[in-house]
Every structure is written in C-alpha cells, then in structure tokens.
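Report on one structure; see the data block that follows.
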Amino acid sequence: MPELPEVETVRRELEPWLTGRTIRIARRVEAPPGPKYRDLERAAGQRILGVARRGKFLLVPLSGGDELVLHLGMTGILSPDPPTQHLRVELALSGPAPDRLYFRDARRFGRCLVVRAGRYAALPTLAALGPEPFDPAFTDEVFAASLARSRGPIKPLLLSQRVVAGLGNIYVDEALFEVGVHPLRPANRVTPSEAGRLRRASIAILERAIAHRGTTFSDYRTVNGEVGAYAARLSVYAHEGEPCPRCGTPIEKLVVGQRGTHVCPRCQPKPRTRRARK
DNA sequence: AGATGATCCTGTATGC
DNA sequence: TGCATACAGGATCATC
C-alpha cells in the first residue's frame, strides 16, 4: 500500500537513474485500453527532465512539454527487471543498462499516463491535491482551518488527499494514535491544539518512514527490489489484539469509511455521538 | 457542494 | 486436498 514514504523512496531511486535519458519506447502491456493507461506512446522521443512527487503521484516532466504521471495504486512496483506476471507498462530508455523500466501491477489499481504538463483533468485527486506535508505553507493554522471546514470524520477527510497530500491508511492510523484522536471524531471537533500536534506527528512519522524506506507488508518493493523496514515500527496498524505501546490496552480494529482502522480504545476515546434533539 | 457508499481487481488467508 | 468465500484498499464515480 504505497503511501507518501514508499513513493518518495521510489522517487529517490528513480531520479538519478532516469534524469537526462530519452524515452525510446513507451508501451502498454497486458492492460486493457482505458483511462488508467493513456497516451503513453506520446512519451517516445522525449527526454526525462526529472522525477518529482506530489502526494502519492510520481510526476516525470518531459522535454516536449508532456508529463508522465504514475500512481502505484495498491500493488504497483517499478523495476529495471521484467516481472514474470502482471506487466502493465514498459519503457525503453536511451543510455547504458539498466535501460528498461517495468511497471508491474497485480491488482490494477495503479495508473500510468501521459498528459500535457500540469493538465490533470484526467486525475481529479491530483488536480485537487492538498499541500505537501513538508511544505512550509502547510502550517498549523492552514491545517486547523481545513479541519474546521468539515463535519465528517477526521480519518476519511485525511485520506481524501484534499487537506494534505500523501497520507494513506497506515500512516493516518499511526498519526491519529500518536495524538490520541479517534478516527471517527468529526474533523471540526479537533481542537486547534490537537491539529497542531497532529500536523507535527504526521510529518515526524512520514520522515521516519522515509528513513526506513517505507512499510512492506506484502507487495511493496523499492526500485532496487528491497522491502521497506518501517513495518517493525508501527504502533497500531496491523497490531489488533496486541497491547497498546503507551498504555497496554489491547488495540482494536474497526471499520471507518470502508477501511480497516486501528485504535487504542483508551488513548483514543470514541467521540460521543451527539444525536439530534427535539 | 459535501458526505457517503459502491466499485474496481487479484493474491493471500481462512473455512469447511 | 480442494473448493468457496472473505479480505486487503487508493482513487473514482454515482447518489443523495
């Protein structure tokens, strides 16, 4: 489940390899035609200017004014080695070996398409993406104001990518645990002080996870084929039934917004449901 | 317009 | 052992 730390790890490995090379061939393999893989062939002949990231999206600006947009989805893996199964995209590059980039994606939740640079109409989440967590413009005040505008539960709002970019199911659970906020708490009932702590905790967790090259449960691999080492440092995610690292109460698993969600019932008290009165 | 729920997709785990 | 079923979830779309 690649989230910001996993995608950033991949980006850092791709950047020195790909930058300056020319895409000789870009082709879709074993993937049905459709919006998830579009206009790839347009990348052929264009030089790669760099490898950037916004949230969980990889952005590869090209010399002809186009941009290659990649999303790993759930099971996407980028590698210089061809997979035996589930190959979706192959890029052939100029320059010395390794000169092929393969995009493998078993579950087909990922995407790879070429657009005019910055034109993200085909990618609504990217078009409406919130600030990068590490952007100085993402301040306590900005974050608290975004939360105050929404009455829905805090977790789905953070997963929406509109308030802040790059958080996914794992790191949202970890960050909410860290500050003792229940995932069902209405966003506008998170206090400004809690919002500040949540912002700083999210950044700290993401930075630590990047330092460990992300979290691998099953599919995620770095470009070099390595697993991420952060799974061993998770506090609540995938720890249901185990003692809370802070208070010892067994971690519980519930469903919030159709997502498996992990909480310490003591450190993260469930919000009172305020029912309509008459 | 914001919130909610269904949907996509297949490898892995579980149950009988 | 084999088969059926449940489960995992990021983004998108339909619906209210």
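For the pair A:H86 and B:dG11, the criterion of a side-chain N or O lying under 4.0 Å from OP1 or OP2 is met. The shortest distance between the side-chain N/O atoms of A:S150 and the OP1/OP2 oxygens of B:dA3 is below 4.0 Å. In this structure, A:R107 does not reach the B:dG11 phosphate: none of its side-chain N or O atoms is under 4.0 Å from OP1 or OP2. An OP1 or OP2 oxygen of C:dA8 is reached within less than 4.0 angstrom by a side-chain nitrogen or oxygen of A:K253. One finds a side-chain N or O of A:Q258 lying less than 4.0 angstrom from the OP1 or OP2 phosphate oxygen of B:dA6. In terms of phosphate contacts, A:R111 brings a side-chain nitrogen or oxygen within less than 4.0 Å of OP1 or OP2 of C:dT12.
The interatomic distance linking A:E240 (CD) with B:dA13 (P) rounds to 15 Å, in whole Å. Here C:dC7 presents its C1' atom at 16 Å from CG of A:L254, a figure rounded to the nearest Å. Atom CG in A:L126 sits about 8 Å away from atom P in C:dT12, given to the nearest Å. Atom CD in A:E3 sits roughly 15 Å away from atom P in C:dA8 (whole-Å rounding). Nucleotide B:dA13 holds its P atom 11 Å from the CG atom of A:D219, rounded to whole Å. When the P atom of C:dG9 is taken as reference, atom CG of A:N169 falls 5 Å away, rounded to whole Å. The separation between A:M74 atom CE and B:dG11 atom C1' is 11 Å, rounded to whole Å. Rounded to whole angstrom, the span from the CZ atom of A:F109 across to the P atom of C:dG10 amounts to 10 Å.
Heavy atoms of A:K36 sit nowhere under 4.0 angstrom from any nucleic acid atom. A:L123 comes within 4.0 angstrom of the backbone, heavy atoms only, and of no base. Within 4.0 Å of A:G260, counting heavy atoms only, lie sugar-phosphate atoms of the nucleic acid but no base atom. Using a 4.0 Å heavy-atom distance criterion, A:P186 is classed as making no nucleic acid contact. Residue A:R259 is in base contact, counting any heavy-atom pair closer than 4.0 Å across all strands shown. The residue A:T75 sits apart from the nucleic acid: no heavy atom pair falls under 4.0 Å.
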Show me the donor-acceptor pairs, under 3.5 Å and distance only, between side chains in residues 55-63 of chain A and residues at least two apart or in other chains.
| from | atom 1 | to | atom 2 | distance (Å) |
| --- | --- | --- | --- | --- |
| A:K56 | NZ | A:L167 | O | 3.1 |
| A:S63 | OG | A:R47 | N | 2.7 |

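On a pure distance criterion of 3.5 Å, no polar donor-acceptor pair joins the side chain of A:Q161 and the base of C:dA11.
Contacts classified as salt bridge (Lys or Arg N to Asp or Glu O under 4.0 Å) and involving residues 143-171 of chain A (residues at least two apart or in different chains) are given here: A:K155-A:D173.
Between A:I210 and A:Y230 the shortest side-chain heavy-atom distance does not fall below 4.5 Å. Using a 4.5 Å heavy-atom threshold, the side chains of A:F217 and A:I170 count as touching. Using a 4.5 Å cut-off on side-chain heavy atoms (C-beta onward), A:T215 and A:Y220 make no contact.
Nearest to the side-chain atoms of A:Y237 among the listed nucleotides B:dC9, B:dT4, C:dA8 stands C:dA8.
Both A:R151 and A:R108 lie close to DNA chain B; mapped to their nearest nucleotides by heavy-atom distance, the more 5′-ward contact belongs to A:R151.
The closest donor-acceptor contact from the side chain of A:E41 to the backbone of A:A26 lies at 3.5 Å or more, if one exists at all.
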